[in-house]
Amino acid sequence: MARRFFPSLITTDPWEGYNFANQEIRISESTDCYGAVLWPSAIVLCYFLDTNRNKYNLIDKNIIELGAGTGLVTIVTSMLGADVTSTDLPNVLGNLQHNIRRNTKGRCKHTPKVTELCWGQELEQRFPRSSRRFDYILAADVVYSHPYLTELLDTFDHLCQDGTEILWAMRFRLDRENSFVERFRSRFHLEELYNLPSLSIKLYRAWKKDGVCSGEAAA
């Protein structure tokens, strides 16, 4: 049986505090599951969005977050006015929903939606391209400790349409991060927005190359 993390409803709930969008945000984590830990790339992405509101005005923008984890990025973008769909694997949805509900109830223009997403699976059924269009795809530290990088690339590819921008923060740890970036470049234009050598984190902006169809690499 897969392990799932749900915050306790009986014992004291441990949390860490963060301040973004002029609000205090309380995040619960668990060291038992990678997806229930807040990684530094998420903080970098939140800081970028919070301090670049004029350039990236998220009010009423339709956003999907991949690998939302503890929910910090979803929470911050929701507080900045976006309509956010927050996704991750089933085993972390309990903690994700808990953090989002606790921090966004009554504080956001749009109530964030939380849903399961296994990369590469049932993408057209769950997110039909004809009716589910996103202004932004957000991702933080999604390329780490898993074998599903091809499925991740296919998921980016399916969700990204004309006019969609990807904002993606990544911490470089292993060679697989470098190789994934090169594979990513075959389908997307890639612009480096931030480089933090002390943390080995880079923040990218990306958009789909002309003439590259979903599931097809550029020549």
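These numbers were taken from a predicted model, which means no experiment stands behind them.
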Engineer: Around N19, counting heavy atoms of other residues, nucleotides and ligands shown, do more than 12 lie under 6.0 Å from its CG?
Structural biologist: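 Buried by this count: over 12 neighbours within 6.0 Å.
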Engineer: Would you give the length of the straight line joining atom CD1 of I137 to atom CG of L159, rounded to the nearest 0.5 angstrom?
Structural biologist: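 Rounded to the nearest 0.5 Å, the CD1-CG separation comes out at 5.0 Å.
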Engineer: When the ring centroid of W168 is compared with that of F180, is the distance short of 6.0 Å?
Structural biologist: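 Distance test on ring centres: under 6.0 Å, yes.
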Engineer: Should D157 and K209 count as an ion pair when the cut-off is N to O under 4.0 Å?
Structural biologist: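 Looking at D157 and K209, the cut-off is not met.
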Engineer: Testing the basics here: between T74 and P112, what is the closest heavy-atom pair and its distance to 0.1 Å?
Structural biologist: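 Nearest pair, atom of T74 first, then P112: CG2-CB, 4.0 Å.
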Engineer: With a 3.5 Å distance limit and no angle check, can you tell me whether R205 reaches the backbone of E165 through a side-chain donor-acceptor pair?
Structural biologist: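 Checked: no pair found.
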Engineer: Kindly indicate whether the side chain of N62, heavy atoms from C-beta on, has any atom under 4.5 Å from the side chain of Y136.
Structural biologist: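 No, too far: nothing below the 4.5 Å cut-off.
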Engineer: Please confirm whether the backbone N or O of A68 pairs with a side-chain atom of S86, one donor and one acceptor, at under 3.5 Å?
Structural biologist: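 Flag not set: sc S86 to bb A68 has no pair under 3.5 Å.
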Engineer: Show your working on salt bridge (Lys or Arg N to Asp or Glu O under 4.0 Å) between K109 and D83 and close with a plain yes or no.
Structural biologist: CA-CA 8 Å; K109 183 176 182 180; D83 187 358; over 6 Å; no
Engineer: Give a yes or no answer on whether the side chain of T85 reaches the backbone of K113 with a donor-acceptor pair at less than 3.5 Å.
Structural biologist: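 Here the side-chain-to-backbone pair does not exist.
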Engineer: Let me check something: do V84 and I43 share a hydrophobic cluster, defined by ILVMFWY side-chain heavy atoms less than 4.5 Å apart, either directly or through other members?
Structural biologist: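 Looking at the clustering, I43 is in the same group as V84.
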Engineer: Quick one: does any side-chain atom of R132 pair with a main-chain N or O of R129 as donor and acceptor, under 3.5 Å?
Structural biologist: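 No, because the side chain of R132 does not come within donor-acceptor range (under 3.5 Å) of the backbone of R129.
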Engineer: Please test T111 against T104 for side-chain contact (heavy atoms from CB on, under 4.5 Å), starting from the C-alpha separation and ending with a verdict.
Structural biologist: CA-CA 7 Å; T111 301; T104 63; 5.6 Å; no
Engineer: Got S28 and H98 here, is their nearest side-chain heavy-atom distance under 4.5 Å?
Structural biologist: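 With C-beta onward as the side chain, the pair touches.
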Engineer: Out of curiosity, does L49 fall in the hydrophobic cluster containing L196 (side-chain heavy atoms, cut-off under 4.5 Å, transitive links)?
Structural biologist: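 Yes, same cluster.
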Engineer: Taking all atoms of both residues into account, what is the closest heavy-atom pair of Y204 and E192, and its distance?
Structural biologist: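 Shortest heavy-atom separation between Y204 and E192 comes out as CD2-CA, 3.9 Å.
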Engineer: Taking C-beta and beyond as the side chain, do V76 and Q23 meet within less than 4.5 Å on heavy atoms?
Structural biologist: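 When only atoms from C-beta onward are counted, Q23 and V76 do not touch, as no gap falls below 4.5 Å.
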Engineer: Kindly indicate whether the side chain of L96, heavy atoms from C-beta on, has any atom under 4.5 Å from the side chain of T70.
Structural biologist: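 The answer is no; the side chains never approach within 4.5 Å.
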Engineer: May I have the step-by-step check of side-chain contact (heavy atoms from CB on, under 4.5 Å) for K208 and Q161, ending in yes or no?
Structural biologist: CA-CA 7 Å; K208 206 163 193 176; Q161 301 190 53; over 6 Å; no
Engineer: Sub-3.5 Å donor-acceptor pair from the side chain of D141 to the main-chain atoms of W39, do we have one?
Structural biologist: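 Not a single qualifying donor-acceptor pair exists.
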Engineer: Quick one: closest heavy-atom pair of A140 and L45, and the distance?
Structural biologist: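 Heavy atoms only, the tightest pair is CB-CD2, 4.4 Å.
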Engineer: Using the rule that two of Ile, Leu, Val, Met, Phe, Trp, Tyr join whenever any of their side-chain heavy atoms come within less than 4.5 Å, decide whether I59 and L80 are in one cluster.
Structural biologist: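 No, it is not one cluster - the side chains of I59 and L80 are not joined through contacts under 4.5 Å.
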Engineer: Counting C-beta onward and ignoring hydrogens, is there a side-chain heavy-atom pair between W207 and L190 closer than 4.5 Å?
Structural biologist: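 The answer is no; the side chains never approach within 4.5 Å.
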Engineer: What do the steps show when you test R133 against D162 for salt bridge (Lys or Arg N to Asp or Glu O under 4.0 Å), and what is the final call?
Structural biologist: CA-CA 9 Å; R133 301 181 66 88; D162 290 342; 5.7 Å; no
Engineer: Mind checking the CE-OG spacing from M170 to S41? Nearest 0.5 Å is all I need.
Structural biologist: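 It is 8.5 Å, given to the nearest 0.5 Å.
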Engineer: Do Y18 and I75 come within less than 4.5 Å of each other through their side chains, counting heavy atoms only?
Structural biologist: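 No. Closest side-chain heavy atoms not under 4.5 Å.
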Engineer: Are the side chains of D154 and H158 in contact, using a 4.5 Å heavy-atom criterion?
Structural biologist: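 No, side chains not in contact.
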Engineer: Can a salt bridge be assigned to the pair E16 and R26 using a cut-off of 4.0 Å between side-chain N and carboxylate O?
Structural biologist: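 Looking at R26 together with E16, the answer is no, because their closest N to O distance does not fall below 4.0 Å.
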Engineer: Any pair with a residue in residues 115-125 that passes side chain to side chain donor-acceptor pair (under 3.5 Å), sequence neighbours left out, goes on the list, sorted by first then second residue, please.
Structural biologist: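 Residue pairs with at least one partner in residues 115-125: T115-R126.
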Engineer: Calculate, to the nearest 0.5 Å, the distance between atoms OG and CG belonging to S186 and L153 respectively.
Structural biologist: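 With rounding to 0.5 Å, OG (S186) is 6.0 Å from CG (L153).
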Engineer: Both conditions, 6.0 Å and 45 degrees, for the charged tip of K202 above the ring of F172: are they met here?
Structural biologist: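 Positive - K202 is close enough to the ring of F172 and near enough to its axis.
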Engineer: Between D88 and G67, which heavy-atom pair has the shortest distance, and what is it?
Structural biologist: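 Minimum heavy-atom contact is OD2-C, 3.2 Å.
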Engineer: Walk me through whether E65 and L72 qualify under side-chain contact (heavy atoms from CB on, under 4.5 Å).
Structural biologist: CA-CA 10 Å; E65 184 185 3; L72 181 64; over 6 Å; no
Engineer: Which atom names give the shortest non-hydrogen contact between A82 and I63, and what distance separates them?
Structural biologist: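 So the two residues come closest at CB-CD1, 3.5 Å.
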Engineer: Would you confirm whether the ring centroid of Y47 sits within less than 6.0 angstrom of the ring centroid of F20?
Structural biologist: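 No, they do not, as the ring centres are separated by 6.0 Å or more.
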Engineer: Tell me whether F48 shares a hydrophobic cluster with V73, the cluster being built from Ile, Leu, Val, Met, Phe, Trp, Tyr side chains joined at under 4.5 Å.
Structural biologist: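 Yes; V73 is reachable from F48 via cluster members.
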Engineer: Atom CG in L138, atom CD1 in I166: separation rounded to 0.5 Å?
Structural biologist: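 Separation between the atoms: 10.0 Å.
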Engineer: Closest approach of E24 and N103, non-hydrogen atoms and distance?
Structural biologist: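 Looking at all heavy atoms of both residues, the shortest contact is O-OD1, 4.1 Å.
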Engineer: In Å, rounded to the nearest 0.5 Å, how long is the span from CE of M79 to NE2 of H110?
Structural biologist: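 Answer rounded to 0.5 Å: 14.5 Å.
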Engineer: Verify side chain to side chain donor-acceptor pair (under 3.5 Å) between R107 and S78, making sure each step is shown before the conclusion.
Structural biologist: CA-CA 9 Å; R107 302 168 82 181; S78 296; over 6 Å; no
Engineer: Could you check D135 against T164 for side-chain contact (heavy atoms from CB on, under 4.5 Å), going step by step and ending with a plain yes or no?
Structural biologist: CA-CA 5 Å; D135 298 298; T164 302; over 6 Å; no
Engineer: Do the side chains of V44 and I27 join up, straight or via other hydrophobic residues, at under 4.5 Å, putting them in one cluster?
Structural biologist: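 Yes, one cluster joins them.
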Engineer: Between CD of E191 and CG of L167, what distance do you get to the nearest 0.5 Å?
Structural biologist: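 Here the interatomic distance stands at 10.0 Å.
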